[in-house]
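Presented below is the structure to which this report refers.
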Amino acid sequence: MKKKMNRSFPTTLILSALIIFLSPICEAVWLTIPHTGSKCVSEEIQSNIVVLADYLVISDEHSIFPTVSIKVTAPYGSVLHHKENTTNGQFAFTTQESGTYLACFEADGNSHGNKDFSINLDWKTGIAAKDWDSIARKEKIEGVELELKKLEGAVEAIHENLIYLRNKEAEMRIVSEKTNSRVAWYSIMSLGICIVVSGLQILFLKQYFEKKKLI
């Protein structure tokens, strides 16, 4: 029994370490919202990724209860979440296209007392947005098996991210090749125009000097 326990303990430790290094690190973001204007956060996300976020308004003064308007937009401008006069909330969506997703916070009216305040934003994407407790209860797994499930999800997320980066690199290479080709054709065309103009100038000068009987 002791041998089995000693073997399983390092295995669990290694799997836990792999989960820590492979899984996305999620930390709450503190935003200082100005009493005039807005503050936005953005993240470039590929398609078919689950995004989950919680936000909470925090005021240093207990007598002031500021409220905000929040608007979350997709890369092409479609509104995914919009709420006004709120102090806390949550939004979740699955990305439909790859690109930069934007979340903007703006202070409402005079609820802030003309003072800046903070918002705690917990933004999770991909595997970090999964509810592993619910998955464990649903599939009736625990311990090492659950860690393996997390590891599998982390590996899939990394694989998908690598494919996304490879596709982006291919797109950028195509754009670069097209740009280089256009620049080359522009240079050749400019050189041709210069040669034609120079030839016309020489012909004009020759005719002029011949007319003036200078040559």
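Here the structure is a predicted model, which means the values were calculated and not measured.
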Spacing of Lys168 atom NZ and Gln46 atom CD [to the nearest 0.5 Å]: 10.5 Å
Are Val197 and Tyr208 linked, directly or through other ILVMFWY residues, by side chains that come within less than 4.5 angstrom of each other? no
CG on Asn180 to NZ on Lys178, rounded to 0.5 Å: 12.5 Å
In the structure I gave you, are the side-chain heavy atoms of Val51 and Thr95 within less than 4.5 Å of one another anywhere? yes
Begin from the C-alpha positions of Gln96 and Tyr76 and carry the test side-chain hydrogen bond (donor to acceptor under 3.5 Å, both in side chains) through to its verdict. CA-CA 10 Å; Gln96 300 298 321; Tyr76 295 105; over 6 Å; no
Looking only at heavy atoms, the pair that brings Ser47 and Ser98 closest together is N-OG, 3.1 Å
Salt-bridge criterion met for Arg182 and Glu177 (N-O under 4.0 Å): no
So for atom NZ, which belongs to Lys71, do other residues, nucleotides or ligands contribute more than 12 heavy atoms lying within a distance under 6.0 Å? no
Please report the C-alpha distance between Ile119 and Val68 in whole Å, then the side-chain angles of each, then the deciding distance to 0.1 Å, and finally whether the side chain to side chain contact (heavy atoms under 4.5 Å, CB included) criterion is met. CA-CA 9 Å; Ile119 283 185; Val68 296; 3.9 Å; yes
Could you state the interatomic distance from SG (Cys40) to CD1 (Ile70), rounded to the nearest 0.5 Å? 10.0 Å
Quick one: do the Glu44 and Tyr164 side chains pair a donor with an acceptor below 3.5 Å? yes
Sole residue of Ile49, Val41, Ile45, Thr73 in side chain to side chain contact (heavy atoms under 4.5 Å, CB included) with Tyr101: Ile45
Parallel, tilted or perpendicular for Phe105 and Tyr55, by the 30°/60° rule? perpendicular
Leu102 reachable from Val50 in the ILVMFWY side-chain graph, under 4.5 Å edges: no
Could you tell me whether a side-chain N or O of Ser198 sits under 3.5 Å from a main-chain N or O of Cys194, the two making a donor and an acceptor? yes
Verify side chain to side chain contact (heavy atoms under 4.5 Å, CB included) between Leu165 and Glu169, making sure each step is shown before the conclusion. CA-CA 6 Å; Leu165 292 176; Glu169 188 271 337; over 6 Å; no
Do Trp30 and Asn120 make a side-chain contact, defined as non-hydrogen atoms from C-beta onward lying under 4.5 Å apart? yes
Just wondering, do Leu191 and Ser187 contact through their side chains at under 4.5 Å, heavy atoms? no
Do you know the tightest heavy-atom contact between Leu52 and Ala92? CD1-CB, 3.8 Å
Are Thr86 and Thr67 close enough that some pair of their side-chain heavy atoms sits under 4.5 Å apart? no
How many angstroms lie between CZ in Phe204 and CD in Gln207, if you round to the nearest 0.5 Å? 8.0 Å
Thr87 vs Leu56 side-chain heavy atoms within contact, under 4.5 Å: no
Out of curiosity, Ile33 CD1 to Ile58 CD1, how far, rounded to the nearest 0.5 Å? 11.0 Å
Check the pair Phe117, Thr32 against side chain to side chain contact (heavy atoms under 4.5 Å, CB included), reporting the backbone distance first and the verdict last. CA-CA 6 Å; Phe117 57 92; Thr32 300; over 6 Å; no
Pair Phe91, Trp123 - check side chain to side chain contact (heavy atoms under 4.5 Å, CB included), show working. CA-CA 10 Å; Phe91 59 86; Trp123 180 287; 3.7 Å; yes
Would you say the side chain of His82 lies within less than 4.5 Å of the side chain of Glu84, judging by non-hydrogen atoms? yes
Nearest heavy-atom approach of Pro75 to Glu97 is CD-OE2, 3.4 Å
Separation of Asp54 CG from Gln90 CD (nearest 0.5 Å): 4.0 Å
Under 3.5 Å donor-acceptor, Ser176 side chain and Met172 backbone: no
Evaluate the side-chain proximity of Val175 to Glu171: yes if any heavy-atom separation is below 4.5 Å, no if none is. no
Do Glu160 and Ile163 touch side chain to side chain, with heavy atoms closer than 4.5 Å? no
Minimal non-hydrogen separation, Asn85 against Asp108, with atom names: N-OD2, 2.7 Å
